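Since the structure is predicted, the reported quantities are computational estimates derived from the model, not experimental observations.
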Amino acid sequence: LLGDANLTATGTASGDWSTASLTNTVTTSGYATKLELSPDGRHAYIADDSEGMQVVDLQHPSGPAIVGNFNSGVGSAFDVVANATHAFVSHFMGDLHIVDVSNPSSPQPTGDVSLPDMGLAFGGSPHGLSLHGDALYVADGNAGIHHVDVSDPDNPSVSETFGTGATFFGVTVAGGYTFAATSAGLKVYDVARTNVATASLSGNATARSVVVSADGQTAFLANFNGGLDIFDISTPSNPQLLDNYSTAGLGHGVALSSDESLAFVADGPNGKLVLDVSNPSDIKFVGNHATTGSDTDGYVYDVAVASDD
């Protein structure tokens with residue numbers, strides 16, 4: 001699944017991602033920049049800019065189709081994450097909305113919270129969300145990282161804010177540490193919210209998103225200069241760059257296959273990259289799914305993996 005002005009799906013029947021081809025396209029009314037799959041893989045939730053959050057049924061009898069929409073009316077939808085019952089949508093100017101999606105055709109708002117502006121005239125820009133149980137982490141641009149308690153979907157609350165010295169675009173949590181994709185590269189925070197490490201990406205590029213391996217030993221970052229950087233984070237206070245795959249694109253998002261042998265990179269005008277990362281110290285090119293003609297409108301912002309069989 002690729003996020004751009006449309007939602008497109010590519011697939012392979014042979015397991016050979018070098019020859020994957022377009023299978024479906026869903027056109028949204030806004031400008032899709034982030035997407036999330038429901039835990040059962042049935043639905044895709046799309047942050048569709050001024051059109052709010054779109055809900056796509058990926059198994060609709062007539063093909064993938066938009067079946068629901070939530071629009072807060074308070075600003076462009078920046079990102080969305082979800083669990084089995086609720087979607088969490090961030091908006092420009094610092095609002096976070098929680099939406100009941102138990103009936104995907106009729107998403108209902110349950111709660112919302114304004115994110116701290118941290119003294120900024122217009123607040124932050126909540127580019128990236130990461131959900132870990134009842135804790136939602138928000139990468140909020142120049143306002144840092146917010147930890148939001150969403151244990152009660154009707155009454156979310158900001159528990160703490162941390163992180164300075166960079167613009168924050170993406171965040172995840174693993175092994176008691178918080179890993180952030182920022183304008184300064186990879187930033188690492190311990191449980192005391194101390195910045196224990198800052199590691200530059202190749203070319204001193206901005207990191208736009210970060211994913212950590214299941215064992216917590218490796219971080220994969222979308223490089224805004226194009227491509228992917230991989231870090232050894234086995235010692236979180238001392239991340240080591242293992243390899244970089246550089247392109248002429250603009251890295252926005254990254255997702256891993258279920259066995260973590262492949263990385264899928266939303267590489268802006270360069271399309272969707274498929275990279276072999278089975279040896280993180282030796283990234284290999286597998287395929288590049290173009291973004292011209294009937295595929296998409298020419299720019300890929302995000303990627304999610306529904307099935308990599």
Q.
What verdict does the side chain to side chain donor-acceptor pair (under 3.5 Å) test give for T110 and Q108, after you've listed the backbone C-alpha separation in whole Å, the side-chain angles of each residue and the deciding distance to 0.1 Å?
A. CA-CA 6 Å; T110 63; Q108 297 296 317; over 6 Å; no
**Q.** Smallest separation among heavy atoms of G227 and T247, with atom names
**A.** N-OG1, 3.3 Å
Q: Go through the steps to decide whether V89 and Y45 satisfy the test side chain to side chain contact (heavy atoms under 4.5 Å, CB included), and finish with yes or no.
A: CA-CA 10 Å; V89 188; Y45 306 106; over 6 Å; no
Q. Of the non-hydrogen atoms in V158 and H146, which two are nearest, and what is the gap between them?
A. CG1-CB, 4.4 Å
**Q.** For S200, side-chain contact (heavy atoms from CB on, under 4.5 Å) partners two or more places apart
**A.** N204
Q.
Pairing donors with acceptors under 3.5 angstrom, does anything connect the side chains of T167 and N142?
A. yes
**Q.** By side-chain contact (heavy atoms from CB on, under 4.5 Å) - contacts of A135 (at least two apart)
**A.** Y137, H147
**Q.** For the student: nearest non-hydrogen atoms of P39 and A84, plus distance
**A.** CG-N, 3.7 Å
(Q) V171 vs V138, test: side chain to side chain contact (heavy atoms under 4.5 Å, CB included). Steps then yes/no. (A) CA-CA 7 Å; V171 61; V138 183; over 6 Å; no
Q) Is there any salt bridge (charged side-chain N to carboxylate O under 4.0 Å, His left out) pair reaching into residues 92-104, and which pairs are they, with sequence neighbours excluded? A) none
(Q) Evaluate D134 against S151 for side chain to side chain donor-acceptor pair (under 3.5 Å), listing each step before the verdict. (A) CA-CA 5 Å; D134 291 333; S151 56; 5.0 Å; no
Q.
Is it the case that the side chain of D302 and the backbone of L35 share a donor-acceptor pair, with hydrogens and angles ignored and the cut-off at 3.5 Å?
A. yes
(Q) Filter on salt bridge (charged side-chain N to carboxylate O under 4.0 Å, His left out), then keep only pairs touching residues 55-79, sequence neighbours left out; what's left? (A) K34-D79, R42-D57
Only pairs under 3.5 Å count here: list side-chain donor-acceptor contacts from residues 174-181, not counting sequence neighbours, and write none if there are none.
from	atom 1	to	atom 2	distance (Å)
T178	OG1	R193	NH1	3.4

Q) Considering only heavy atoms from C-beta outward, does the side chain of N223 approach that of N244 to under 4.5 Å? A) yes
Q: For residues V113 and V148, report the shortest heavy-atom separation together with the two atoms involved.
A: CG1-CG1, 4.4 Å
Q.
By the salt bridge (charged side-chain N to carboxylate O under 4.0 Å, His left out) test, which pairs, at least two apart or in different chains, include something from residues 229-244?
A. none
Q. Can you get from L37 to I66 by hopping between Ile, Leu, Val, Met, Phe, Trp and Tyr side chains that sit under 4.5 Å apart?
A. yes
Q: Indicate if I283 and V265 have the same hydrophobic cluster label, given that clusters are the connected sets of ILVMFWY residues with side-chain heavy-atom separations under 4.5 angstrom.
A: yes
(Q) Set out, in order, the CA-CA distance, both residues' side-chain angles and the distance that settles side chain to side chain donor-acceptor pair (under 3.5 Å) for T198 and K187, then state yes or no. (A) CA-CA 4 Å; T198 300; K187 280 185 169 288; 3.1 Å; yes
**Q.** Least distance between heavy atoms, N270 atom then G249 atom
**A.** CB-CA, 3.6 Å
**Q.** Intermediate values then yes/no, side chain to side chain contact (heavy atoms under 4.5 Å, CB included), V277 and F220
**A.** CA-CA 10 Å; V277 293; F220 303 80; 4.0 Å; yes
(Q) Which residues pass the side-chain hydrogen bond (donor to acceptor under 3.5 Å, both in side chains) test with Q240, not counting sequence neighbours? (A) N238
Q: Look at the side-chain heavy atoms of Ile, Leu, Val, Met, Phe, Trp and Tyr, link any pair under 4.5 Å apart, and say whether L221 and L250 land in one connected group.
A: no
Q: Tell me, please, which residues at least two apart from A121 pass side-chain contact (heavy atoms from CB on, under 4.5 Å).
A: none
(Q) D154: which residues meet the salt bridge (charged side-chain N to carboxylate O under 4.0 Å, His left out) condition with it, sequence neighbours left out? (A) none
Q | Sequence neighbours excluded, every pair satisfying ring-ring contact (aromatic ring centres under 6.0 Å, His included) that has a member inside residues 82-112 | A | F70-H97, F78-F92, H91-H97
Q: Identify whether M53 and L131 are in the same connected component of the hydrophobic contact network (ILVMFWY, side-chain heavy atoms under 4.5 Å).
A: no
Q. What are the two closest non-hydrogen atoms of P126 and L115, and how far apart are they?
A. CB-CD1, 4.1 Å
Q.
Can you pull out every ring-ring contact (aromatic ring centres under 6.0 Å, His included) where at least one residue sits in residues 223-246? Sequence neighbours excluded, please.
A. F224-H252
Q. Can you find a side-chain donor-acceptor pair between S76 and E51 that sits under 3.5 Å?
A. no
Q) T194: what forms a side-chain hydrogen bond (donor to acceptor under 3.5 Å, both in side chains) with it, not counting sequence neighbours? A) none
